Amino acid sequence: MPFRFAAPDADAVPVHVVEQGHLPDWLATQDAAVQAWVEAAGFSAGIGETLVLPGPDGTPAGALIGYGTDKARKRMRFVLAAGTLPKGTYRIVSGLPADRAEEEALGWLLASYRFTRYAGSAPEMAQLVAPEAIDAARVEILAEAEALTRDLVNTPASDMGPAELAAAACDIAARFDATIEIIEGDALHEGFPMIHAVGRASPRAPRLIDMRWGTQGPRLTLVGKGVCFDTGGLNLKPGASMGLMKKDMGGAANVLGLAQMIMALGLDLQLRVLIPAVENSVSGDAFRPQDILTSRKGLTVEINNTDAEGRLVLADALTLADEETPDLIISMATLTGAARTAVGPDLAPFYCDDDGIAAALSSAGTAAADPLWRMPFWEPYEAKIEPGIADLDNAPAGGMAGSITAALFLRRFVTDTPAYVHFDIYAWNPSALPARSKGAAGQGPRAILGALPTVLGL
């Protein structure tokens, strides 16, 4: 589905965006007929409220979109109007704050997203001429990348296993002339033993996807958790907890969406994308509680819960990433329920030791309507991931600080790279929100993209 604005020279209905507190002032500038029409319609400029202004011949002469109040607790609130205006093309002529124009225009495009692979179709919505203050091509790129991420996560595991995730990465690589290498099945045993151990129980062979793009500029490596379905392994999840596990590759999907943004925008950097793609299944060959695995880095890991498998596959991929010492490594994963419990589905928690990088990410997240929340690499908890019988414990007992201990576990595998950021995301909207349909969600990519110029000096 193309996410495109209407042509700049399109014949479009003029739109006035009106905050509730400013409605009386706006009406005072209009003629008596418009004032009477607005009053008769009961238009109050509430968030997403719309009103078409008729012309002398009965065709729309203009439209009003309510923007609520300055204190409204919503992002992309303007987009609520996209589905209520009559079909046609619209152009904003007044009232939209310049500093919110890109956010609201992106929201308008994303409002048309629907996952239609198996049933239904995308709604035919009103079209928008891009506001003059924005880079329309850039916003279209962001929308297409977000749609890619949502499609990948929304696809059920029956059609999105390790092979299909690798095929999606290959499609992106071909589109942008990136190179890609895929290590599969038993070929992982020697160099990536924990990826192999987690994925070997499934009849669908595990893979390590390694994509590269760009030949100059700073080096950025993205690592995404690609657990295409997670039964919990021998520590089997209950049915209620297994219901959303098709989304356990949400880290990989978000990384691929971010990579597509970077390549489509032609950023001057060297990009590497690493995705361990596995299915955590149950069979006679499954790894077991109390097994001790030796990682690519040489660190031994005691398995105290086979349902804490994401950090195992990420650890081998992070080790590979660290061996090249890029300027920055970013990992993204639907890693812990503890993160979801701490901040809910609307915030993307991230871990970073560098205050400057953390500040840049937080600021960019606010600007891009992609909110983040910084979490601590709390070193006093390091002892929790040290079981004594092995170097590391994949699932510390006690059930406390689960997201932090998982982040500390991953940090043990990034020892030489100067900067590391880890995102523990949910990648799912439990209910529909403005521009965010129920289901898969992008979390973090727009914030990261916005921070890269500061963080990498682009």
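The model shown is predicted, which means the values in this text are computed figures rather than measured ones.
Side-chain contact annotation: N280 with T231, donor-acceptor N/O pair under 3.5 Å absent. Judged by distance alone, the side chains of D416 and T325 never bring a donor and an acceptor atom under 3.5 Å apart. The closest side-chain donor-acceptor pair between T149 and N254, if any, does not fall under 3.5 angstrom.
Note that CE of M194 is 4.5 Å distant from CZ of F413, once rounded to the nearest 0.5 Å. Annotation: the span from F229 atom CZ to S158 atom OG amounts to 10.0 Å, rounded to 0.5 Å. Here the CH2-CG distance, from W373 to D424, works out to 16.0 Å after rounding to the nearest 0.5 Å. Expressed to the nearest 0.5 Å, how far CD1 of I389 lies from CD1 of I292 amounts to 4.5 Å. Atom CZ of residue R200 and atom OG of residue S283 lie 8.5 Å apart, to the nearest 0.5 angstrom. Atom CG of residue L293 and atom CD1 of residue I303 lie 4.0 Å apart, to the nearest 0.5 angstrom.
Listed for the W108 side chain is a donor-acceptor partner under 3.5 Å among the backbone atoms of A126. When atom types are taken as modelled, the side chain of D291 and the backbone of R288 share a donor-acceptor pair closer than 3.5 angstrom. Although no hydrogens or angles enter the test, the distance criterion places no donor-acceptor pair under 3.5 Å between the side chain of E279 and the main chain of S202. A distance-only check finds a donor-acceptor pair linking the side chain of R296 to the backbone of G191 [under 3.5 Å]. Side chain of T306 to backbone of N235: a donor-acceptor contact under 3.5 angstrom is found. Here the side chain of T417 pairs no donor or acceptor atom with the backbone of L328 at under 3.5 angstrom. Judged by distance alone, with hydrogens and angles left aside, the side-chain atoms of R272 form no donor-acceptor pair with the main-chain N or O of P326 at under 3.5 Å. A side-chain donor-acceptor contact under 3.5 Å links Y351 to the backbone of I404. Side-chain atoms of D285 never come within 3.5 Å of backbone atoms of A201 as a donor-acceptor pair (strictly under, hydrogens ignored). At least one donor-acceptor pair closer than 3.5 Å links the side chain of E164 to the backbone N or O of G161.
The closest side-chain heavy-atom distance from P434 to I47 is not below 4.5 Å. Counting only heavy atoms from C-beta outward, the side chains of K246 and T155 never approach each other to under 4.5 Å. You'll find the side chain of T336 reaches within 4.5 Å of the side chain of R311, heavy atoms only. Counting heavy atoms from C-beta on, the side chains of F78 and R100 never come closer than 4.5 Å. Taking the side chain as every heavy atom from C-beta outward, I172 and M263 approach each other to under 4.5 Å. At a threshold of 4.5 Å between non-hydrogen side-chain atoms, the residues D370 and I448 do not count as touching. Between F350 and M375, every side-chain heavy-atom pair lies at or beyond the 4.5 Å cut-off. Counting only heavy atoms from C-beta outward, the side chains of R212 and L271 never approach each other to under 4.5 Å.
In the displayed structure, E190 atom CD is contacted under 6.0 Å by at most 12 heavy atoms of other residues, nucleotides or ligands.
Residue pairs meeting the side-chain hydrogen bond (donor to acceptor under 3.5 Å, both in side chains) criterion with at least one partner in residues 127-143, sequence neighbours excluded, are E102-R138. Sorted by first and then second residue, the side-chain hydrogen bond (donor to acceptor under 3.5 Å, both in side chains) pairs involving residues 440-454 (not counting sequence neighbours) form an empty list. Applying the salt bridge (Lys or Arg N to Asp or Glu O under 4.0 Å) test to every pair with at least one member in residues 297-310, sequence neighbours left out, gives these pairs: K225-E309, K237-D307, K297-D322.
Scanning both residues, I425 and A348, for their nearest heavy atoms gives CG2-CB, 3.9 Å. Annotation for D391 and G298: closest pair OD2-O, 4.2 Å, computed over non-hydrogen atoms.
A salt bridge is defined here as a Lys NZ or Arg NE, NH1 or NH2 lying under 4.0 Å from an Asp or Glu carboxylate O, and E146 with R436 fails to meet this definition. A salt bridge does not link E184 to R204: none of the charged nitrogens lies less than 4.0 Å from a carboxylate oxygen. Ionic pairing of R411 and D353 is present here: one or more N-O contacts between side-chain nitrogen and carboxylate oxygen are shorter than 4.0 angstrom.
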Do F5 and V139 pass the side chain to side chain contact (heavy atoms under 4.5 Å, CB included) test, and can you show the C-alpha distance, the side-chain angles, and the key distance before you say yes or no?
-> CA-CA 9 Å; F5 294 109; V139 174; 3.7 Å; yes
Decide yes or no on side chain to side chain contact (heavy atoms under 4.5 Å, CB included) for I275 and L208, but give the supporting numbers first.
-> CA-CA 6 Å; I275 295 173; L208 177 65; 6.0 Å; no
Evaluate the side chain to side chain contact (heavy atoms under 4.5 Å, CB included) criterion for residues Y420 and T221: first the C-alpha distance (whole Å), next the side-chain angles of each, then the deciding distance (0.1 Å), finally the verdict.
-> CA-CA 10 Å; Y420 171 53; T221 299; over 6 Å; no
Between L244 and Y426, is a side chain to side chain contact (heavy atoms under 4.5 Å, CB included) present by the stated rule, with each step listed?
-> CA-CA 11 Å; L244 276 181; Y426 190 42; 3.9 Å; yes
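Here the two rings, on Y381 and F377, have centers that are 6.0 Å apart or farther.
Cation-pi contact between R150 and Y113: present, with separation from the ring centre below 6.0 Å and deviation from the ring axis of at most 45°. Stacking of R77 on the aromatic ring of Y67 is recorded, both the 6.0 Å distance cut-off and the 45° axial limit being met.
For the side-chain contact (heavy atoms from CB on, under 4.5 Å) test with H422, the passing option among I330, L318, V414, L335 is L335; the others fail.
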